[in-house]
Amino acid sequence: MDRAGEEAEEMEVPVPLSEGEQLIVQDTWAKVYLNSEEVGVAILLRLFGNEPSSKRFFSQFRDMEDPLELERSTQLKKHAQRVMSAINTLVENIQDDAKMASVLKMVGKAHAIRHKVEPVYFKILCGAILEVLGEAYPEVVTAEAAAAWTKLLATVCWKLSAVYDELGWTPGPGYQDGQQQQQQQQHHDTSSSS
């Protein structure tokens, strides 16, 4: 079964970050955020590379096949900046649970109601974030920093999942279409690599 088609399993309540871990996240982010446009674009490109079905949620650039065209897309850059700004707000307010919950509620509602994005895509996006940060900033994202980021992003996914639950979210009709498209793509990829 593909990652995007998996049913959301019950997620355990994540372990809160210690003060030291919060500082590590803020320190690493300060260095990463200096290149927010470049990093944001890399994160979205990684998301699309790791999970091609995720592009279907982006009407502005979902039909772009040329990776260079996609990377240069103004619409992609704008969305990448929104992603980076949201992460920045979370990191700046990492010690303020109420502010973090408020931001995540806004993001979760928009993605559930307006964009019809399945919550599993947040887990996939978080994986892409960890990969890009680790590869682009290996001197900053040490094992200790990666562990802190993993805890933060697990918390983000858990809180977003709670927003979806609160909304009574159920997959819309496009969900099945997306699963079928992903399965067809995987079958094609498997067939052509054999």
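Positions are given from 1, in the same order as the sequence printed here. These numbers were taken from a predicted model, which means no experiment stands behind them.
- Between the CG atom in Leu45 and the CG atom in Leu76 there is a gap of 5.5 Å [rounded to 0.5 Å].
- Checking Thr142 against Glu144 by side-chain atom types alone, no donor-acceptor pair falls below 3.5 Å.
- Side chain of Thr150 to backbone of Ala146: a donor-acceptor contact under 3.5 angstrom is found.
- To the nearest 0.5 Å, atom CG of residue Leu70 and atom CG of residue Leu44 are 8.5 Å apart.
- Residues Tyr33 and Gln81 come closest through the heavy atom pair OH-NE2, 3.8 Å.
- The CH2 atom of Trp29 lies 10.5 Å from the CG atom of Leu34; values are rounded to the nearest 0.5 Å.
- Rounding to the nearest 0.5 Å places CZ of Arg56 at 12.0 Å from CZ of Phe48.
- The existence of a salt bridge linking Glu37 and Arg72 is excluded, since no basic side-chain nitrogen approaches an acidic carboxylate oxygen closer than 4.0 Å.
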>> With side-chain contact (heavy atoms from CB on, under 4.5 Å) as the criterion, how do Phe122 and Val156 come out once you've worked through the C-alpha distance, each side chain's angles and the decisive distance to 0.1 Å?
In response: CA-CA 9 Å; Phe122 288 107; Val156 166; over 6 Å; no
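- A salt bridge links Arg46 with Glu135: the distance from a Lys NZ or Arg NE/NH1/NH2 to an Asp or Glu carboxylate oxygen falls below 4.0 Å.
- One finds a salt bridge joining Lys105 and Glu166 here, because a Lys/Arg side-chain nitrogen approaches an Asp/Glu carboxylate oxygen to under 4.0 Å.
- Atom NZ of Lys109 sits in a sparse spot, with 12 or fewer heavy atoms from other residues, nucleotides or ligands closer than 6.0 Å.
- Shortest non-hydrogen contact noted between Ala148 and Val25 is CB-CG2, 3.8 Å.
- Residues Lys123 and Trp158 form no side-chain contact, since every pair of their non-hydrogen atoms from C-beta on lies 4.5 Å or further apart.
- Counting only heavy atoms from C-beta outward, the side chains of Met100 and Asp96 never approach each other to under 4.5 Å.
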>> Walk me through whether Gln22 and Leu152 qualify under side-chain contact (heavy atoms from CB on, under 4.5 Å).
In response: CA-CA 9 Å; Gln22 291 173 352; Leu152 173 64; over 6 Å; no
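- At least one donor-acceptor pair closer than 3.5 Å links the side chain of Asn93 to the backbone N or O of Thr89.
- Side-chain atoms of Asp97 and Lys159, non-hydrogen and from C-beta on, do get closer than 4.5 Å to each other.
- With values rounded to the nearest 0.5 angstrom, Thr170 atom OG1 is found 11.0 Å from Glu118 atom CD.
- Residues Cys157 and Cys126 approach most closely at SG-SG, 3.5 Å, considering heavy atoms.
- The shortest distance between side-chain heavy atoms of Ser73 and Met64 falls below 4.5 Å.
- In this structure, His115 has its ring center no closer than 6.0 Å to that of Phe58.
- Apart from Leu167 itself, the hydrophobic cluster it occupies contains Ile113, Val163, where clustering links Ile, Leu, Val, Met, Phe, Trp and Tyr at side-chain heavy-atom distances under 4.5 Å.
- Across all their heavy atoms, Lys31 and Tyr137 have their closest contact at O-CE2, 4.3 Å.
- When every heavy atom of Arg62 is checked against every heavy atom of Lys55, the shortest pair comes out as CB-O, 3.0 Å.
- In this structure, the separation between CG on Leu47 and CD1 on Ile43 is 10.0 Å, given to the nearest 0.5 Å.
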>> Determine whether His79 and Val83 satisfy the following criterion, side-chain contact (heavy atoms from CB on, under 4.5 Å), listing intermediate values before the conclusion.
In response: CA-CA 6 Å; His79 194 76; Val83 170; 3.8 Å; yes
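- Heavy atoms only, all atoms of each residue included: Leu133 and Val39 are closest at CD2-CG1, 4.2 Å.
- A search for side chain to side chain contact (heavy atoms under 4.5 Å, CB included) contacts involving Pro67 returns nothing, not counting sequence neighbours.
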>> Run the side-chain contact (heavy atoms from CB on, under 4.5 Å) test on Ile24 and Trp149 for me, step by step, so that the C-alpha distance in whole Å, both residues' side-chain angles and the decisive distance to 0.1 Å come before the verdict.
In response: CA-CA 9 Å; Ile24 289 170; Trp149 273 96; 5.7 Å; no
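- Evaluation of the ring-ring contact (aromatic ring centres under 6.0 Å, His included) rule for Tyr164 yields Trp169 as partners, not counting sequence neighbours.
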